[in-house]
Participant: 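Here it is: the structure, laid out below.
Reminder, nothing fancy here: chain letters follow the sequence lines and each chain counts from 1.
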Number of protein chains: 2
Amino acid sequence: MTLDILRRELKKRGQRITYQRELILKIFMESENAHFGAEEIYRLLLEKRSRISKATVYRTLALLADFGILNKIEFGDGIVRYELASFDGKSHNHLICKICGKVVEFESDKLDELMETISKETGYRIENYQVKFYGICPDCFKKILRNDDNQKIASESVK
Amino acid sequence: MTLDILRRELKKRGQRITYQRELILKIFMESENAHFGAEEIYRLLLEKRSRISKATVYRTLALLADFGILNKIEFGDGIVRYELASFDGKSHNHLICKICGKVVEFESDKLDELMETISKETGYRIENYQVKFYGICPDCFKKILRNDDNQKIASESVK
DNA sequence: GTTTCGATGAAAAAAGTTATCATAACTACT
DNA sequence: AGTAGTTATGATAACTTTTTTCATCGAAAC
Ligand SMILES: [Zn+2]
Ligand SMILES: [Zn+2]
Ligand SMILES: [Zn+2]
Ligand SMILES: [Zn+2]
């Protein structure tokens with residue numbers, strides 16, 4: 001269980017097991033495929049009637065990421081997010097819609113192979129990776145097509 | 001030439017060709033494989049005795065990214081950086097050292113294939129991607145090994 | 001229970017980015 | 001060239017996110 005990993009890592013480094021650290025980790029464990037930023041975690045804690053200082057939220061997220069329990073991700077909107085790292089150590093990957101911001105996840109063995117190859121070629125000890133594909137989701141693409149049609153019709157009726 | 005692309009895009013949208021816009025683009029064109037953030041561009045401009053307002057630097061970087069002339073990249077250190085988009089439309093990829101922050105670039109056809117596959121599977125129109133591998137560079141790894149040795153020696157001599 | 005030292009909370013400070021608005025300057029049209 | 005019209009810029013304030021500071025609290029060891 002992930003909570004045990006946290007406790008083990010903390011003991012190993014002479015750091016303390018606290019209510020705040022366990023609670024923040026639980027937030028991630030309770031929600032599947034969550035991508036939370038510090039502010040969001042802070043709000044979720046308030047909803048649970050747990051008043052934890054923002055400074056502690058930031059500190060804990062950094063700590064959990066340092067332990068490899070969370071992975072840091074940035075979608076390009078200026079907010080740093082975190083998600084639970086998977087048990088098997090496999091990074092999971094994101095497909096992001098440029099228009100509506102919707103995020104879909106996918107996995108690929110090819111990336112793990114690529115990681116091995118690049119590691120050998122460069123001498124880097126690669127620990128994890130982050131892959132983001134940017135594009136337009138099917139829904140947004142349909143909307144764009146419809147708008148183009150409307151504009152065409154509008155310009156024709158002006159003539 | 002990339003400057004012509006800028007001029008063409010500006011005209012197309014009824015926007016103006018200005019000294020500042022061209023100068024900021026030239027900064028990127030003059031340096032190979034550069035990953036510049038707004039603050040860095042501002043400093044480089046000052047060194048060239050060009051006092052351009054920070055607001056304009058931010059606005060211009062966003063504009064050039066919007067035109068597809070620059071690509072936005074984030075290495076996870078809290079700074080938004082930009083780099084010249086390649087002519088062939090191929091995204092290039094980054095291998096980042098967690099310790100010293102050194103960045104190495106690499107290319108891979110496998111990623112283009114993967115992009116095609118995921119595009120078909122999900123229905124997304126994927127336009128570009130961003131791949132970051134995080135790890136420890138050979139130099140930093142050597143240093144870690146040395147420190148471990150020293151600590152071992154120190155703890156032995158204490159006994 | 002007491003001691004010790006790391007963790008927390010609250011607030012200030014720092015860092016990065018965006019918004020505001022008066023002034024400058026690019027572009028099109030005489 | 002000169003002028004009008006409108007966009008871009010510069011300086012600064014405002015805003016957002018993150019880090020630092022420091023007094024106080026509390027986990028862990030004895
Ligand atoms: Zn995810
Ligand atoms: Zn969409
Ligand atoms: Zn690059
Ligand atoms: Zn390094």
Participant: Does CZ belonging to R8(B) count more than 12 external heavy atoms closer than 6.0 Å?
Facilitator: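 Yes, the 6.0 Å shell around CZ holds more than 12 heavy atoms from other groups.
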Participant: What closest approach, in Å, do S119(A) and Y124(A) show between heavy atoms, and which atom pair accounts for it?
Facilitator: OG-O, 2.7 Å
Participant: According to salt bridge (charged side-chain N to carboxylate O under 4.0 Å, His left out), who are the partners of K102(A), at least two apart in sequence or on a separate chain?
Facilitator: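 With neighbours one apart ignored, the set is D139(A).
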Participant: To the nearest 10 degrees, what angle separates the axes at the start and end of the helix from dG1(C)-dC30(D) to dT30(C)-dA1(D), five pairs each?
Facilitator: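 Angle reported: 40°, given to the nearest ten degrees.
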Participant: For R51(A) and dA11(C), what is the distance between atoms CZ and P respectively, to the nearest whole Å?
Facilitator: 10 Å
Participant: When the distance from CZ of R43(B) to P of dA15(C) is rounded to whole Å, what number comes out?
Facilitator: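 Going from R43(B) (CZ) to dA15(C) (P), I get 14 Å.
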Participant: Which ILVMFWY residues can you reach from I96(B) by hopping between side chains whose heavy atoms are under 4.5 Å apart?
Facilitator: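 Once heavy-atom contacts under 4.5 Å are chained together, I96(B) belongs with I73(B), F75(B), V103(B), Y134(B).
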Participant: Would you jot down, in residue-number order, the residues of residues 57-77 of chain A having a non-hydrogen atom under 4.0 Å from DNA chain D?
Facilitator: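 Going residue by residue through residues 57-77 of chain A, the ones with a heavy atom under 4.0 Å of DNA chain D turn out to be Y58(A), R59(A).
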Participant: Tell me every residue that passes salt bridge (charged side-chain N to carboxylate O under 4.0 Å, His left out) with R13(A), counting only those two or more places apart in sequence or in another chain.
Facilitator: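 Residues passing salt bridge (charged side-chain N to carboxylate O under 4.0 Å, His left out) with R13(A): E9(A), D66(A).
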Participant: Any residue in residues 17-25 of chain B with a heavy atom nearer than 4.0 angstrom to DNA chain D? Just list them by number, or reply none.
Facilitator: T18(B), Q20(B), R21(B)
Participant: Kindly state each residue pair satisfying ring pair (Phe, Tyr, Trp, His ring centres under 6.0 Å) with at least one member in residues 36-61 of chain B, sequence neighbours excluded.
Facilitator: F28(B)-F36(B)
Participant: Any sub-3.5 Å donor-acceptor pair from T18(A)'s side-chain atoms to R21(A)'s backbone N or O?
Facilitator: yes
Participant: Examine distances only and state if a side-chain atom of S50(B) and a backbone atom of L46(B) form a donor-acceptor pair shorter than 3.5 Å.
Facilitator: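 No, S50(B) side chain to L46(B) backbone: no donor-acceptor pair under 3.5 Å.
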Participant: Name all residues meeting the side chain to side chain contact (heavy atoms under 4.5 Å, CB included) criterion together with A55(A); count only those two or more places apart in sequence or in a different chain, and write none if there are none.
Facilitator: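 By the side chain to side chain contact (heavy atoms under 4.5 Å, CB included) rule, A55(A) matches S53(A), R59(A).
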Participant: Relative to the 5' end of DNA chain C, which residue comes earlier, A38(B) or A55(A), by the nucleotide with the nearest heavy atom?
Facilitator: A55(A)
Participant: Yes or no on side chain to side chain donor-acceptor pair (under 3.5 Å) for H94(A) and Q130(B), after CA distance, side-chain angles and deciding distance?
Facilitator: CA-CA 10 Å; H94(A) 299 102; Q130(B) 213 188 97; over 6 Å; no
Participant: Could I get the full list of salt bridge (charged side-chain N to carboxylate O under 4.0 Å, His left out) partners for K120(A), not counting sequence neighbours?
Facilitator: none
Participant: Scan residues 2-14 of chain A against DNA chain D and write down, sorted by residue number, each residue with any heavy atom closer than 4.0 Å; if none is found, say none.
Facilitator: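 Listed by number, there are none.
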Participant: Which is more 5' along DNA chain D, the nucleotide nearest R16(B) or the one nearest T56(B)? Just name the residue.
Facilitator: R16(B)
Participant: Would you call E30(A) and K48(A) a salt bridge, taking side-chain N to carboxylate O under 4.0 Å as the test?
Facilitator: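 Looking at E30(A) and K48(A), the cut-off is met.
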Participant: Counting only heavy atoms not in K11(B), do more than 12 fall under 6.0 Å of its NZ?
Facilitator: no
Participant: Just by distance, do the side chain of K72(A) and the backbone of V80(A) share a donor-acceptor pair under 3.5 Å?
Facilitator: no
Participant: Can you give the first and last nucleotides of DNA chain D, 5' to 3', that have an atom under 4.0 Å from a heavy atom of chain A?
Facilitator: dT17(D) to dA28(D)
Participant: Checking F133(A) now: which residues fulfil ring pair (Phe, Tyr, Trp, His ring centres under 6.0 Å) with it, not counting sequence neighbours?
Facilitator: F106(A), Y129(B)
Participant: May I ask you to say what E39(A) touches in the nucleic acid, namely base, sugar-phosphate or nothing, with a heavy-atom cut-off under 4.0 Å?
Facilitator: nothing
